[in-house]
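Every chain is numbered from 1 and lettered A, B, ... according to where its sequence line falls, protein lines coming before strand lines. These numbers were taken from a predicted model, which means no experiment stands behind them.
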Amino acid sequence: MALVGNNLGFYYQKDRWIFKNISLAVAPGEVLGLSGYSGCGKTTLARVLAGYVSSREGRVSLDGGTWGKGKFRPVQLIYQHPEKAIDPKWRMGEVLTEAYKPEPDILEAFEIREEWLKRWPIELSGGELQRFCIVRALHPQTKYIIADEMTTMLDAITQAKIWHSLLNICQSRKLGLIVVSHEKSLLGRVCDRMYEVGHG
Amino acid sequence: MRAGQKKPLLQVDIHEGEIVAVVGASGSGKSLLAHAVLGILPGNAICEGRIIYRGEELTEERKLRLRGREISFIPQSVNYLDPLLRVGKQVQIGLEKSTAQLKQRELFRQYDLQERDGQLFPYELSGGMLRRVLFATSVREGVRLVIADEPTPGIHPQALAEILKQLKTFAEEGARVMLITHDIMSALEIAHRVAVIKDGCTVEIAEASAFEGRGEGLKTEYTQRLWSALPQNDFDGEFIEKGAVGHGFSGK
């Protein structure tokens with residue numbers, strides 16, 4: 001039982017490898033930190049692990065198998081730029097409930113206010129949008145979460161609260177969590193284990 | 001200055017050659033403050049109050065004339081880049097035509113981007129690289145006010161140092177710098193003063209030197225909490241139930 005990447009390699013332009021020979025695994029309930037140079041391929045690796053793109057080399061396996069097409073993806077990715085991960089022409093209520101209807105307690109845990117649901121994405125700040133992206137990813141069938149620079153747009157107090165809420169949920173639901181960040185001190189606070197992408 | 005329907009009091013002043021960091025809660029109106037100064041608020045926004053720039057009121061016409069010239073803006077969202085234009089070209093906009101390409105390559109080198117990266121479209125760059133491209137678009141001759149809205153997330157330490165150095169250079173050359181950020185630790189390396197914003201109001205404007213130790217030098221409880229919640233400080237203090245928050249400052 002784990003999300004495993006085996007010997008992963010990826011390029012956009014032929015022979016310009018972004019990364020190669022990356023093997024890593026995260027088990028349910030575990031928190032793995034990913035760090036590395038900006039441009040070393042952390043986000044691309046996150047997209048490969050979440051199944052948005054296929055690796056050019058190696059394979060990703062989920063709890064021993066792969067996942068079927070057209071089904072819910074148990075690996076959910078929280079993007080670095082929430083404003084690019086939300087349809088600008090949907091109201092926030094629709095964005096939130098597209099895949100499931102979150103309970104009020106989870107909205108409260110991430111400090112999402114009722115009044116925001118009627119707003120358009122442009123009427124919320126980056127940090128407010130990101131909280132919708134987090135809740136949206138916490139579908140009941142989610143098994144693994146990849147958080148790509150998830151809280152860089154949040155103030156320190158909100159950041160601490162959001163991490164507390166997310167870590168609690170991951171622990172109680174036994175979700176595996178991959179945390180991508182440049183903030184060494186944050187990674188030190190939340191992760192069980194670290195993986196350095198590239199060695200530049 | 002007021003934004004939206006709230007009636008808060010938001011007040012910030014920046015002197016010549018000074019760097020003022022603007023920090024505070026997510027959604028407190030930091031970006032709106034920047035957009036108001038630049039005159040790029042959305043059409044349905046209501047903005048009241050006065051903005052004085054170099055002794056004169058900053059009117060909408062004046063904003064239009066000065067922004068992109070002596071007022072430079074580094075936006076928070078990577079949506080501000082043209083998705084259909086190669087990033088090298090975007091950095092060349094506003095540079096002296098004859099030397100634009102040369103200057104752009106120089107800027108790329110300075111911010112640790114490869115020359116061939118200039119040929120890429122924004123979607124082909126990482127978040128940290130896009131930040132550096134956005135930053136490079138702001139470095140122009142004769143800049144007198146720089147508004148940087150979160151220029152540092154997702155950047156590795158070396159490129160971060162380069163960006164902080166450039167902001168400092170702007171100030172040393174006499175520009176005023178507003179650095180909007182959540183990265184208090186980086187801001188403190190260069191800022192003279194720190195304005196703390198919450199719910200559209202200025203909570204406190206503190207000297208950068210007050211941010212040290214357990215924050216005893218900070219005047220308001222909110223600023224102290226903000227300081228102590230940093231992962232470098234007492235991160236977990238905010239985790240403990242409400243009743244215990246007051247004791248969160250005692251450290252680990």
task = Just give me the residue among B:Asn79, B:Leu130, B:Val23 that pairs up with chain A most often, heavy atom to heavy atom, under 4.5 Å.
result = B:Asn79
query = Could B:Glu162 and B:Lys165 be called an ion pair, given the rule that one side-chain N must be under 4.0 Å from one carboxylate O?
reply = yes
request  = Examine whether an atom of B:Leu230 lies under 4.5 Å from a heavy atom of chain A, and if so say whether it belongs to the side chain, the backbone or both; otherwise answer neither.
outcome  = both
query = So which part of B:Leu120 gets closer than 4.5 Å to some heavy atom of chain A, the side chain, the backbone, both or neither?
reply = side chain
inquiry  = Could you check whether atom CG of B:Leu85 has more than 12 heavy atoms from other residues, nucleotides or ligands sitting under 6.0 Å from it?
reply    = yes
ask   = If you measure from the Lys or Arg side-chain nitrogens to the Asp or Glu carboxylate oxygens, is any gap between A:Arg189 and B:Asp236 under 4.0 Å?
value = yes
inquiry  = Can you tell me which of A:Ser125, A:Gly127, A:Ser38 forms the most heavy-atom pairs within a distance under 4.5 Å of chain B?
reply    = A:Ser38
message = If we ignore hydrogens and angles and just use 3.5 Å, is the side chain of B:Arg193 paired with the main-chain N or O of B:Val20 as donor and acceptor?
response = no
message = Hydrogens and angles aside, do A:Tyr144 and A:Asp63 bring a side-chain donor and acceptor to less than 3.5 Å of each other?
response = yes
message = If you apply the rule side-chain contact (heavy atoms from CB on, under 4.5 Å), what do you find for A:Thr158 with A:Arg131, and how did you get there?
response = CA-CA 10 Å; A:Thr158 316; A:Arg131 287 177 249 168; 4.0 Å; yes
remark   = Interface check, chain B: of A:Lys84, A:Glu111, A:Lys184, most non-hydrogen pairs under 4.5 Å belong to A:Lys84
query = Between A:Leu154, A:Thr44, A:Val180, A:Thr151, which residue shows the highest count of heavy-atom pairs closer than 4.5 Å to chain B?
reply = A:Leu154
key: A:Glu123 versus chain B, the contacting section by heavy-atom distance below 4.5 Å   = side chain
message = Tell me which of these, B:Ala25, B:Ala159, B:Ser126, B:Gly24, has more heavy-atom pairs under 4.5 Å with chain A than the rest.
response = B:Ala25
ask   = Is any NZ, NE, NH1 or NH2 atom of the basic residue among A:Glu115 and A:Arg119 found under 4.0 Å from an Asp or Glu carboxylate oxygen of the other?
value = yes
key: chain A contacts, top residue of B:Pro157, B:Gly127, B:Gly154, B:Pro153 (heavy-atom pairs, under 4.5 Å)   = B:Gly154
key: Interface moiety of B:Gln232 toward chain A, non-hydrogen atoms closer than 4.5 Å   = both
query = Can you name the closest pair of heavy atoms from A:Leu187 and A:Gly33 and give their distance?
reply = CD2-CA, 4.1 Å
query = Quick one: of A:Glu128, A:Glu83, A:Gln80, who has the most non-hydrogen atom pairs under 4.5 Å with chain B?
reply = A:Glu83
Under-4.0 Å salt bridge between B:Arg109 and B:Glu106 = no
message = Can you tell me which of A:Lys42, A:His81, A:Gln13 forms the most heavy-atom pairs within a distance under 4.5 Å of chain B?
response = A:His81
Segment of B:Ser31 engaging chain A (4.5 angstrom heavy-atom cut-off) = neither
